[in-house]
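Below is one structure, written out as structure tokens; comments come after it.
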Amino acid sequence: MLDILVRQANLPDGRGPLDIAIQGDKIVSIAAHIEAEAREEIDASGRLVCPPFVDPHFHMDATLSLGSPRLNQSGTLLEGIALWGELKPLLTPQAVMERALRYCDLAVSQGLLAIRSHVDICDDRLTAVEALIEVRKQVAPYIDLQLVAFPQDGLYRSPNAEDNLLRALDMGVDVVGGIPHFERTMADGARSVTRLCEIAADRDLMLDLHCDESDDPLSRHVETLAAEATRLGIGSRVVASHVTAMHSYDNYYATKLIPLIAESGMHIVPNPLINITLQGRSDTYPRRRGLTRVPELRAAGVNVAFGQDCTMDPWYSLGSADMLEVAHMAVHAVPMTSREAMEWTFTSVTQNGAAAMGLPDPTLRPGGPANLVVLQARDPIEAVRLKATRLAVIKRGKILSRTAPRLATLTLPGRPQMLDPAAYAPVASDPLT
Ligand SMILES: [Zn+2]
């Protein structure tokens, strides 16, 4: 007797419909038809079954704090940082934990089961660090939560940031963070990159920098990061997040830079929801997009994984823990509209995010962990298009969440019907394929 049998699943690589057998916390078989009984049977009916979503860039200490103590009037990154500075002294461990746990509940309902969260260490009390370490422990059975020691106000610009960062790492924070473009000078920014790379190398830790989140074409810390990662041989565990300034770099410089990034082996994590709104704020028209050079990075073989960054906080007032919404925005904001590129955005918020976080490849396979999501869509592009409902979310063989399919009851004259938004796309005969 199996524990769970998922019938008629389409897989993200196009195979299907296939049955998926789960015993304990493992997938034991994936085959055309599995002749067996199970305690729980889920009929996917030709819908997409995929690995859980991954968000490699988030701020769980700030999430769901929208409006506290006030709203961001200008919509800029800098007012967001100032506003967070007003909220920081008012934080309590209980309030941070409560907001974070509420966010984790939402994440589970959206099939988002691995999150890397930055946590600001510039508060000398390390209130948020203490709270999120406790949250990491509480959610460990169902969410892989990594914490990044993030000096929001600058490693050198904020008086105790370096000591606080080392203390946070001693307390068990997983990843070294930084924000070179926010230091006082370009030279300080470059120095912070070197120092943070050395801390990561010495302690055998991963490194994830907010890097060149700016419209300044001369903000070039990603170059130093690539060089230092190569020098120290740590590239595979280094992430450069945002890298929006690359949008504004001179084209010739970009052709020199991108091969250096590829050579280092580091990962790039753009955050399309937030950066399409934050960037270009000092432009009149034409107004720049806030996205880095995704197609060129991909073409050079760099692992690119999209992050969400924010949900209802001083920087971004929307968001819903939905990585399909992130992929959907990436399609538009980059833009990348070929079928191959749209399919790739789905991979970017699953497999590529896991690689950026240093997690095992989550591809569904016999012998692998029974971590999967059943979507109300038939294939990855339809999932992105519809921001598809997560019908079932399973982690280590346990069903964590179920959502009823979205079906409209239409009472149109002569056309009464139950309308499934996923029942229309002419996938097989699509002239674009
Ligand atoms: Zn961020």
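Whatever order the structure lists ligands and atoms in, that order sets their numbers, starting from 1.
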Evaluate the side-chain contact (heavy atoms from CB on, under 4.5 Å) criterion for residues I258 and L297: first the C-alpha distance (whole Å), next the side-chain angles of each, then the deciding distance (0.1 Å), finally the verdict.
CA-CA 6 Å; I258 290 173; L297 288 162; 4.1 Å; yes

Of the N, O or S atoms in H210, the one nearest the Zn ion (ligand 1)
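Per the distance ranking, H210 contributes NE2 as its closest N/O/S atom to the Zn ion (ligand 1).
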
Among the N/O/S atoms of D309, which is closest to the Zn ion (ligand 1)? Give the atom name.
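Of all N, O or S atoms in D309, the Zn ion (ligand 1) lies closest to OD1.
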
Given T292, which partner from the list S248, S241, P270, C211 fulfils the side chain to side chain contact (heavy atoms under 4.5 Å, CB included) test?
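It is P270, the one option of S248, S241, P270, C211 that forms the side chain to side chain contact (heavy atoms under 4.5 Å, CB included) with T292.
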
Using only atom types and a distance under 3.5 Å, with no angle test, would you say the side chain of Q308 pairs donor to acceptor with the backbone of D55?
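The answer is no, because no donor-acceptor pair under 3.5 Å joins these two groups.
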
Working to 10°, measure the angle at the Zn ion (ligand 1) formed by atom NE2 of H57 and atom NE2 of H59.
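The two atoms form an angle at the metal of about 110°.
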
Using the six-membered ring of Y156, assess whether NZ or CZ of R184 lies under 6.0 Å from its centre and within 45 degrees of the ring axis.
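Here R184 fails the 6.0 Å and 45° test against Y156.
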
Taking backbone and side chain together, does H118 place any N/O/S atom at a distance below 2.8 Å from the Zn ion (ligand 1)?
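Looking at H118, which is the residue asked about, there is no N, O or S atom under 2.8 Å from the Zn ion (ligand 1).
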
